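Count residues from 1 along the sequence. None of these values were measured; they are calculated from a predicted model.
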Amino acid sequence: MYIQTICVGNIETNCYLVSGFKPGNGQIPGILIDPGAEAERILREVARKNLKIEAILLTHGHYDHTGALEEVRKALNAKVYACDREREVLADPAKNLSGDLYVFGPGHGTSFSADVWAKDGDVLELAGLRLKVLHTPGHTEGSCCYYEEAEKVLFCGDTLFYRSCGRTDMPTGSMQQIAHSVCQILFRLPDDVTAYPGHMNETQIGYEKIYNVLAKYASWETDI
């Protein structure tokens, strides 16, 4: 499995180029996850690795993960996938933060939409991979993760960070929901699964079960 991290934008969002095939002399299929900013840089890396992007996957709708979406979607002619519970956040500039001074600036509110609305439990067969959609609300109502079981890899957006989790004080966020998503969904994955988050460095599920700020809420008998 090939994974390249491109850290983009003023909030240093992790954009991922992913393929089930190793780059070589010929063009190989790939996917792009969370094109948050710097579209030209992302497109240069796609070309440099000779990838044919089959799909653009979004972990959630915040502008720091979607800011370059329209430009790369048009350039790559690729379908956009997002969780069906994230329609409202993607469509509303006040909820996707595209009009917020903290992220972008006044007067630039943008509405987004996906071509494919995935549901919890769907398996996306793309670029030689089988990515299972895990609906993990909390950072936003429609936040999701993409889990490749055979490769033991999880793309977790802003749901899970190294020893931490995403903010819950923005529209549709919920601390109770993110604690449930992390402890009752992600912590049930095998310990040796590597998690690739929306910001900062990758980590492993087993490590987070011990050291994550939400680990104290974990319970295998009952939900939170």
Side-chain angles (χ1 to χ4, degrees), residues 8-11 13-16 31-37 39 55-74 76 78-124 126 131-147 154-161 164-186 196-199 214 223-224:
V8 299
N10 61 339
I11 309 180
T13 299
N14 290 331
C15 170
Y16 295 103
I31 59 175
L32 172 62
I33 300 176
D34 286 353
I56 301 168
L57 273 54
L58 304 179
T59 60
H60 64 290
H62 283 161
Y63 191 74
D64 62 314
H65 291 251
T66 60
L69 175 61
E70 295 305 334
E71 190 170 345
V72 298
R73 176 182 358 209
K74 182 178 180 180
L76 298 171
K79 289 185 177 181
V80 175
Y81 291 68
C83 179
D84 64 340
R85 301 291 297 274
E86 194 71 342
R87 292 174 187 260
E88 186 176 348
V89 170
L90 280 164
D92 187 342
K95 293 181 179 178
N96 65 42
L97 308 182
S98 62
D100 195 305
L101 283 169
Y102 167 68
V103 176
F104 192 51
H108 296 284
T110 306
S111 294
F112 302 96
S113 184
D115 300 296
V116 179
W117 296 104
K119 298 182 183 298
D120 181 54
D122 284 354
V123 176
L124 310 178
L126 299 164
L131 295 159
K132 185 175 183 179
V133 179
L134 304 177
H135 177 220
T136 52
H139 182 60
T140 63
E141 181 180 357
S143 288
C144 73
C145 303
Y146 300 98
Y147 175 45
L154 177 77
F155 297 98
C156 50
D158 288 3
T159 298
L160 179 70
F161 295 147
S164 187
C165 64
R167 291 174 57 173
T168 60
D169 59 339
M170 294 181 285
T172 77
S174 165
M175 176 54 73
Q176 183 176 6
Q177 284 188 327
I178 206 168
H180 180 274
S181 292
V182 170
C183 296
Q184 300 298 328
I185 300 174
L186 301 188
Y196 290 84
H199 303 273
L214 296 179
D223 289 349
I224 295 171

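Taking 4.5 Å as the limit, some side-chain heavy atom of L134 sits within range of a side-chain heavy atom of L154. Side chains of M175 and L214 form a contact here, defined as non-hydrogen atoms less than 4.5 Å apart. Residues P35 and L69 have side chains in contact (heavy-atom distance under 4.5 Å, counting atoms from C-beta outward).
The shortest non-hydrogen separation linking L131 to L57 is CD1-CD2, 3.9 Å. For the residue pair P171 and K95, the shortest heavy atom distance occurs at CB-CG, 3.7 Å. The two residues C83 and H135 make their nearest non-hydrogen contact at SG-CD2, 3.8 Å. Shown here for L90 and A82, the closest heavy-atom pair between the two residues is CD1-CB, 3.9 Å. Across H199 and D158, no two heavy atoms sit closer than the pair CD2-OD1, 3.1 Å. Minimum heavy-atom separation, S111 to A91: OG-O, 2.6 Å.
Taking the six-membered ring where the residue is Trp, Y63 and F112 present tilted rings, their angle falling between 30° and 60°.
Annotation: the span from H62 atom NE2 to L97 atom CG amounts to 4.5 Å, rounded to 0.5 Å. Taking CD1 from I56 and SG from C15, the interatomic distance works out to 9.0 Å, rounded to the nearest 0.5 Å. In this structure, the separation between CD on Q177 and NE2 on H139 is 13.0 Å, given to the nearest 0.5 Å. Note that the OH atom of Y81 and the CG atom of D122 stand 10.5 Å from one another [nearest 0.5 Å]. Taken to the nearest 0.5 Å, the NE2 atom of H180 stands 11.5 Å off from the OG1 atom of T136. Separation of atoms CD (E86) and NE2 (H60) is listed at 7.5 Å; rounding is to 0.5 Å.
Here the side chain of N14 pairs no donor or acceptor atom with the backbone of Y196 at under 3.5 angstrom. A donor-acceptor pair under 3.5 Å is formed between the side chain of T13 and the backbone N or O of D64. Side chain of T140 to backbone of T172: no donor-acceptor contact under 3.5 angstrom is found. Counting only distance, with no hydrogens or angles, the side chain of D34 and the backbone of T59 share a donor-acceptor pair below 3.5 Å. In this structure, the side chain of Y16 engages the main chain of P197 through a donor-acceptor pair within 3.5 Å.
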(request) Decide side chain to side chain contact (heavy atoms under 4.5 Å, CB included) for N96 and T66; before the verdict, give the C-alpha distance in whole Å, the side-chain angles of both, and the deciding distance to 0.1 Å. (result) CA-CA 9 Å; N96 65 42; T66 60; 5.5 Å; no
